[in-house]
Every structure is written in structure tokens, then in C-alpha cells.
Amino acid sequence: MRTVRFHEAMRYPSITPGVAHLLGIEAILVDKCRRCGMINMEKYSVSEAARILKIDRRTLQRWVRRKAIPAPAAGFVNGRLVRFWTEDEMTLIKENKAAHYAGKGLDRRTGKKARRSL
């Protein structure tokens, strides 16, 4: 059986799996609409954003709850709900951090400045 690459299969949009099997072609069927609507933009999960910004995930969640930063957009990836920020939103978060974030607070036990664990 001959395997047809994506761009070759797109030349023959009328090939169905049954016709492809009769012709001896293993067709790779991809929905064209999904492919056309995709924009290649970097997306960051809450954990990735926290790692990049060198802050805790809970801090990001607190800022979202206080509406200091935009909430991450939700989408499905492999059947799971995933929340993520785009690069434009990451710049807003970085600006918010520069303006309002003073670092970790005081250690409750000692009263001294808390150490960074990141």
C-alpha cells in the first residue's frame, strides 16, 4: 500500500477511505477547516507562565481572581480542558508584575523576608 502525504491527499479531496483502499492508497484524512483556522501562536499554561515569570502559580491565580490580569482562555486539547495565555497576554502579565509585584513576603515563623524556592 502506498502512503499519501497530507499535501498530496489535498489535491484529491474526493478520495474517501473506501476509494483510497481500492486504489491501494493509505490516505491521511485531515479536516481542512481546522487546518485553515489555526494560527501558529505561542500559548502558555498557568504552570509555564509561572515558571517564565518566576512567580508561584497561586500568585497568578490570585491576580486573575482580583482581575489584575486577563483570565486565561480555555480550550480543549485531546479531550481535556486546558487554560492558556497568548504572547500578547503574557506581556500584560509581565507589565503587571513589574508594576505591582515586590517579591515574596515575610516568613510567618521568623518574621524575616521569605527565601525564594524557584
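Computed from a prediction, not measured in an experiment: that's the story for all the values here.
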S.K.: Nearest 0.5 Å please: distance from the CD1 atom of Ile52 over to the CE atom of Met90.
M.R.: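 CE of Met90 is found 4.5 Å from CD1 of Ile52.
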S.K.: Could you grab the distance from atom NE2 of His100 to atom CD of Glu95, nearest 0.5 Å is fine?
M.R.: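 Here the rounded value is 10.0 Å.
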S.K.: Taking distance alone, no hydrogens or angles, what donor-acceptor pairs closer than 3.5 Å link side-chain atoms of residues 59-72 to residues at least two apart or in another chain?
M.R.:
none

S.K.: Can you name the side-chain contact (heavy atoms from CB on, under 4.5 Å) partners of Ala99, sequence neighbours left out?
M.R.: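 In terms of side-chain contact (heavy atoms from CB on, under 4.5 Å), with neighbours along the sequence ignored, Ala99 is linked to no residue.
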S.K.: Drop me the distance from Lys43's NZ to Arg83's CZ, to the nearest 0.5 angstrom.
M.R.: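 Rounded to the nearest 0.5 Å, the NZ-CZ separation comes to 14.0 Å.
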S.K.: Just grab all the ring pair (Phe, Tyr, Trp, His ring centres under 6.0 Å) pairs involving residues 65-86, residues at least two apart or on different chains.
M.R.: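 Output for this query is empty, none listed.
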